[in-house]
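Residues take their numbers from the sequence shown, with the count starting at 1.
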Amino acid sequence: MQFKTFGDEKKPPILLLHGGGLSWWSWEPVITLLEHDFYIHAVILDGHGDDYLTTFTGIEQAADH
């Protein structure tokens with residue numbers, strides 16, 4: 001699992017999880033709206049987007065990882 005971060009580390013954090021077949025980029029419009037007020041962590045689930053070489057085994061396994 002990988003993460004992309006946006007905004008100021010000193011601001012309150014937000015974690016964004018994308019749906020199947022998508023990646024962090026599906027949140028870009030939301031990130032643009034929130035990055036001035038929050039520190040955003042956009043997840044890249046295994047097997048998706050930039051982490052396409054890793055096998056996706058399921059949400060529960062990704063959370064455990």
Side-chain angles (χ1 to χ4, degrees):
M1 184 181 325
Q2 297 178 10
F3 297 86
K4 291 211 179 252
T5 57
F6 305 87
D8 185 345
E9 292 179 15
K10 296 176 184 134
K11 302 283 183 167
I14 290 181
L15 178 67
L16 301 176
L17 297 170
H18 62 80
L22 301 171
S23 190
W24 73 272
W25 45 259
S26 64
W27 290 110
E28 281 186 293
V30 174
I31 291 168
T32 301
L33 293 172
L34 298 177
E35 67 184 336
H36 300 290
D37 298 315
F38 297 94
Y39 186 48
I40 300 167
H41 302 269
V43 173
I44 303 171
L45 292 171
D46 294 348
H48 295 76
D50 299 342
D51 204 12
Y52 68 93
L53 293 176
T54 305
T55 302
F56 178 73
T57 55
I59 293 293
E60 289 181 14
Q61 290 80 5
D64 287 342
H65 176 70

Partner set under side-chain contact (heavy atoms from CB on, under 4.5 Å) for Tyr39, not counting sequence neighbours: Thr5, Glu9, His41
Partners meeting side-chain contact (heavy atoms from CB on, under 4.5 Å) with Leu16 (sequence neighbours left out): Ile14, Trp27, Ile31, Ile40
Asp37: partners by side-chain contact (heavy atoms from CB on, under 4.5 Å), with sequence neighbours left out: none
Nearest-0.5 Å distance that lies between atom CD in Glu35 and atom NZ in Lys11: 11.5 Å
Partners meeting ring-ring contact (aromatic ring centres under 6.0 Å, His included) with Phe3 (sequence neighbours left out): none
